[in-house]
Structures are given as C-alpha cells and as structure tokens.
A.B. asks: 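My questions all concern the structure below.
For ligands, and for the atoms within them, numbers begin at 1 and follow the listed sequence.
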Amino acid sequence: MSDKKAGAGLAGIVAGDTAVGEVTQTSLRYRGYGIGDLAENATFHEVAHLLLHGELPTRGQLAEFRERVCAATTLPAEVTGAIKAMPNETPPMDMLRSAVSLLGHYDPEAQDISHAAALRKSERLIGQTAAALGLWAQKFSGVAAMRPDPAASHGANLLSMLLGKPAGAKAGRVLDGTLILYAEHEFNASTFTARTITSTLSDMHSAVSGAIGALKGPLHGGANEAAMRMFLDIGEPQNVEKWFNDVQAHNKAHPDNKKLIMGFGHRVYKHGDHRAGILRDWSADMTKETGQTKWLEMADKLQALMLEKKNIHPNTDYPAAHAYYQMGIPIPLYTPIFVCSRVTGWCAHIMEQYENNRLIRPTSVYIGPPPREVVPIENRS
Ligand code: COA
C-alpha cells in the first residue's frame with residue numbers, strides 16, 4: 001500500500017510560505033511562540049487570538065474576544081433544528097462537517113472574503129463548533145444543556161457542554177491545554193485542504209467543511225479515537241507485550257496488510273512530538289484525581305516497546321486518548337474536539353491564503369495506458 005517514491009504524499013515538498021506556525025523536527029511555534037511556553041502560560045482564548053489576530057491579546061482585547069466567542073455559541077435556530085434532526089448514528093465528525101456547511105447558509109457574511117469579515121467569521125466558528133458539539137452531546141449521550149460562561153476558559157466551557165455538568169478545575173484546564181496543543185500545525189493534511197479550497201477564492205465555510213473531512217481520517221485527527229479503542233482492546237497493562245508481539249507477528253505474516261499502532265509516528269517529527277510529552281504529563285497529573293492509572297501505565301509500556309523495537313515515537317493523539325477518557329468524554333467526540341481547536345489554525349491559514357493567493361494546482365506524473373483510440377462500442381469485446 002505504501003509508495004515510498006520520493007515525494008509520495010508530498011513528503012518533504014515545500015508547498016508555500018506561512019507566518020502562522022512553524023514546525024521543525026524539534027520544535028513547534030505559533031507566530032514565534034514555543035508550544036511549551038504557550039501551553040504553560042496561556043489559555044486557548046489567548047492562543048486563538050494570537051493565531052487569528054497575529055498577537056497575544058491585552059486584558060481588554062481578551063475580554064472582548066471571549067465575549068464574541070461566547071456569543072457565537074448561540075446557533076441559528078435552523079442549524080440547531082437540523083442537527084437535532086440528523087440520524088443518531090451520524091458520526092459526530094460528519095455532523096460537524098454538515099453543521100459548518102449549514103452555518104454558511106445563515107451567516108450574512110458567508111460570501112464576503114474580505115479580511116475583516118473573515119476574522120469575524122473565524123471567531124464565530126470557534127463558538128459555533130463548540131456549541132454544535134455540545135448540542136450533539138445532548139442528543140448522543142442525553143446530557144443536560146449547559147450555557148458557556150464568558151468568564152471561563154473555552155476548554156472548561158466545552159467540557160461542561162460535553163458532560164452536561166460544570167467541568168472540574170483540573171479537567172477543564174487540561175482540556176483547554178489540549179485545545180492549545182491542537183490549534184495549529186502548519187501544512188498538515190486538513191490545513192492544506194482548507195488552503196487549497198481557499199485558493200480557488202471559495203468561501204470560508206466551504207474551506208472549513210473540507211478541512212473537517214480531511215481531519216476525520218485515522219491517519220490524521222481520527223487517531224485519538226483509534227488510540228483509545230486500541231487501549232481498550234489491550235485491556236490491561238500486563239497484556240501490552242503480548243498484544244504488541246501479536247501485531248508484529250501479524251505484520252511479518254502479512255507484509256502487504258500491516259497493522260499500524262495508532263497514535264505513533266509523524267510525517268515531520270521523527271524524533272518525538274513534544275506536545276505528546278506535555279500532554280502525557282498532564283494526563284498523569286489527572287490520575288491523582290481520577291485514580292485511573294492503568295491507561296497511562298499501558299501507554300507508557302507500549303511507548304517503551306515502540307521506541308525499543310521500532311524507534312517510533314508517540315504523537316499528540318496518543319496521550320489525548322487517555323486524557324479525554326479520564327474526563328469521561330465519549331470516544332466518538334475526541335476527533336470533533338480536535339476540530340473545535342484546529343478551526344482556529346484553519347481560519348488563520350485561510351485568511352493568509354486570501355491575502356497572498358495563487359491558485360493551488362500541482363501537476364502529476366502520468367502512469368496510465370499509452371495514447372490509444374476509441375473503439376466504436378459495437379466492436380469492443
Ligand atoms: N505503527 C506502526 N508502524 C508505523 C507507524 C505506526 N503508527 N507509523 C509509522 N510506521 C512505520 C511505517 O510502517 C514505515 O515502515 P516501513 O518503512 O517499514 O514501511 C515507517 O514507520 C515510516 O513511516 P511512514 O509511513 O513513511 O510515515 P508517514 O510520514 O508516511 O506517515 C503517519 C505518518 C502519521 C501517517 C503514520 O506514522 C501513521 O499512520 N501513524 C498512525 C496514525 C496516527 O497516529 N496518526 C496521527 C498523526 S499526528
């Protein structure tokens with residue numbers, strides 16, 4: 001299945017300039033600020049302001065920003081009705097993709113691609129995606145409706161909407177932290193999708209809907225859910241080694257159908273994803289409250305084996321799985337939480353693309369049949 005031809009999957013290809021985020025093999029920065037610094041010293045609201053407006057906010061700017069995001073959590077009644085009417089078995093990522101598309105129908109500025117309008121829509125989308133996911137939690141898990149508190153962090157508000165009760169202080173802070181870690185990552189598959197759609201001068205809601213579709217896959221955002229299902233499949237820390245050996249035996253026996261170990265590997269970080277280390281420690285801290293130590297124990301064991309035997313490091317989705325599980329969040333909501341964060345990075349890139357646009361249209365190497373002529377249908381065998 002894997003085609004390791006140079007450039008396959010656009011690996012190593014520089015596809016453009018960006019001032020939003022910088023990913024190197026050893027670092028991640030949002031507009032110049034290191035991710036560890038932001039994770040420790042900022043909130044998601046501040047980081048979202050940084051990504052969208054270019055600078056960290058002052059106290060006054062932050063208060064206004066929070067008010068605007070919070071106000072946007074009141075969805076148009078038509079969108080609320082449409083979400084409630086979706087089949088129960090709709091994957092929540094599909095619900096969010098459709099919800100964002102529908103939100104475009106009711107946004108008076110949907111077709112306005114000016115910077116000022118794009119900025120306003122970006123802020124609205126942060127509130128709206130959280131509200132749509134909160135509404136889905138009511139439908140999906142039957143939780144109580146919770147109104148977000150403009151004085152609380154976005155993470156605490158989102159968590160309270162997902163659980164139908166006020167978020168605990170530690171869990172709220174950790175969820176907010178994961179939103180910071182997930183907010184931006186340069187030209188990853190979903191952001192590149194958003195930029196490609198934008199490059200045709202299409203609208204922001206189309207670009208974000210497309211990005212959600214790209215994020216859904218298990219090789220991208222879907223990995224946090226897949227990692228938690230893997231932990232549940234392993235069951236207990238003492239099963240890790242046998243489980244790992246069984247996967248290796250399967251891969252040896254079926255080289256054309258290898259099983260991936262979800263939450264490991266990265267296109268750029270071949271020596272480790274430092275977001276994963278930050279989140280692992282937050283999740284470890286949460287176990288002091290939840291007492292759920294076995295997931296972390298299992299994760300650490302599997303991580304050690306992967307490093308020793310395969311030299312592959314975990315990515316952010318790996319600790320996100322056991323952190324979200326400890327919070328009691330239903331697994332199908334993990335990747336949608338990623339949307340509620342990454343929508344910020346997507347919108348920052350969409351605005352950057354509008355500002356310095358050239359249609360994204362690469363070329364390909366043709367490997368199909370040589371030139372031939374159409375045989376009339378009655379003569380075809
Ligand atoms: N489990 C087992 N083996 C893995 C692996 C994983 N999670 N990730 C990479 N590898 C192996 C590959 O099979 C490949 O081995 P090979 O050379 O013998 O074929 C080698 O490591 C290099 O990986 P490659 O497929 O070239 O990396 P990539 O840059 O194309 O893909 C990912 C990166 C993220 C798509 C890939 O690591 C993956 O599928 N990870 C699991 C899904 C995941 O966690 N996604 C979230 C990404 S943030």
A.B. asks: Of the backbone atoms (N, CA, C, O) and the side-chain heavy atoms from C-beta on, which set of Lys258 has a member under 4.0 Å from an atom of ligand 1: side chain, backbone, both, or neither?
C.D. replies: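 Looking at Lys258 and ligand 1, just side chain atoms fall under 4.0 Å.
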A.B. asks: Salt-bridged, Arg29 to Asp37, with N to O below 4.0 Å?
C.D. replies: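 Judged by the 4.0 Å cut-off on N to carboxylate O distance, Arg29 and Asp37 do not form a salt bridge.
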A.B. asks: Using a 4.0 Å cut-off to any heavy atom of Leu219, which atoms of ligand 1 qualify?
C.D. replies: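 Answer for ligand 1: 39 (O), 45 (N), 46 (C), 47 (C).
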A.B. asks: Tell me which one of Val47, Ile35, Asp273 satisfies side chain to side chain contact (heavy atoms under 4.5 Å, CB included) with Leu181.
C.D. replies: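 Answer to the side chain to side chain contact (heavy atoms under 4.5 Å, CB included) test with Leu181 among Val47, Ile35, Asp273: Ile35.
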A.B. asks: Say whether Arg267, considering both its backbone and side-chain N or O atoms, lies within less than 3.5 Å of an N or O atom on ligand 1.
C.D. replies: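 By distance alone, the answer is yes.
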A.B. asks: Looking at Ser190, is its backbone amide N or carbonyl O close enough to the side chain of His220 to form a donor-acceptor pair, meaning the two atoms are under 3.5 Å apart?
C.D. replies: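 Here the side-chain-to-backbone pair exists.
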A.B. asks: Could you list the atoms of ligand 1 found under 4.0 angstrom from a heavy atom of Met262?
C.D. replies: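 In order of number, 42 (C).
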A.B. asks: Check Lys270 against ligand 1 and report side chain, backbone, both or neither, counting heavy atoms closer than 4.0 Å.
C.D. replies: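 Answer for Lys270: side chain.
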A.B. asks: Tell me whether the centres of the aromatic rings in His205 and Tyr106 are closer together than 6.0 Å.
C.D. replies: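 Ring centres of Tyr106 and His205 not closer than 6.0 Å.
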A.B. asks: Are side-chain heavy atoms of Tyr324 and Met228 found at a separation under 4.5 Å?
C.D. replies: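 A side-chain contact under 4.5 Å is absent here.
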A.B. asks: Would you mind listing which atoms of ligand 1 come within a distance below 4.0 Å of any non-hydrogen atom of Ala223?
C.D. replies: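 In order of numbering, the contacting atoms are 43 (C), 44 (O), 45 (N), 46 (C).
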A.B. asks: Strictly below 4.0 Å, N to O, side chains only: are Arg280 and Asp300 in salt-bridge contact?
C.D. replies: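 Salt bridge present between Arg280 and Asp300.
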A.B. asks: Quick check: does Met306 get an N/O under 3.5 Å from an N/O on ligand 1?
C.D. replies: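 N/O-N/O distance under 3.5 Å: no.
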A.B. asks: Should Ala11 be listed as contacting ligand 1, given a heavy-atom distance under 4.0 Å as the test?
C.D. replies: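 The answer is no, since Ala11 has no heavy atom less than 4.0 Å from ligand 1.
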A.B. asks: Heavy atom under 4.0 Å from ligand 1: found in Asp317's side chain, backbone, both, or neither?
C.D. replies: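 Side chain only.
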A.B. asks: Looking only at heavy atoms, what is the nearest atom pair of Thr129 and Leu96, with distance?
C.D. replies: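 Smallest heavy-atom distance, with atoms named: O-CD2, 3.8 Å.
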A.B. asks: Only one of His49, Gln128, His53 clears side-chain hydrogen bond (donor to acceptor under 3.5 Å, both in side chains) with Glu123; which?
C.D. replies: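 That would be His53.
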A.B. asks: Would you mind finding which of Asp273, Asn311, Leu260 brings a heavy atom closest to atom 6 (C) of ligand 1?
C.D. replies: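 Closest candidate by heavy-atom distance is Leu260.
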A.B. asks: Can you label the angle between the His45 ring and the Phe65 ring as parallel, tilted or perpendicular, going by 30° and 60°?
C.D. replies: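 Geometry flag for Phe65 against His45: perpendicular rings.
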A.B. asks: At a 4.0 Å threshold, what atoms of ligand 1 neighbour a non-hydrogen atom of His220?
C.D. replies: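 In order of number, 46 (C).
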A.B. asks: Can you tell me which portion of Ala227 lies within the under-4.0 Å heavy-atom range of ligand 1? Options are side chain, backbone, both, or neither.
C.D. replies: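 No part of Ala227 is near ligand 1 at this cut-off.
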A.B. asks: Please collect all salt bridge (Lys or Arg N to Asp or Glu O under 4.0 Å) contacts where either partner lies in residues 159-171, sequence neighbours excluded, each pair once.
C.D. replies: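 Those involving residues 159-171 are Lys170-Asp285.
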A.B. asks: Going by heavy-atom distance to atom 1 (N) of ligand 1, choose the closest among Asn251, Val247, Ile261, Asn188.
C.D. replies: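 Ranked by closest heavy atom to atom 1 (N) of ligand 1, first place is Ile261.
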A.B. asks: Just jot down the ligand 1 atoms closer than 4.0 angstrom to any heavy atom of Ile312, in number order.
C.D. replies: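 Taking each heavy atom of Ile312 in turn, ligand 1 has 3 (N), 4 (C), 5 (C), 9 (C), 10 (N), 11 (C), 21 (O) under 4.0 Å.
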A.B. asks: Under 3.5 Å between any N/O of Asn315 and any N/O of ligand 1: does that happen in this structure?
C.D. replies: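 Between Asn315 and ligand 1, an N or O pair is found under 3.5 Å apart.
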A.B. asks: Is there at least one pair of N or O atoms, one from Gly263 and one from ligand 1, spaced under 3.5 Å apart?
C.D. replies: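 By distance alone, the answer is yes.
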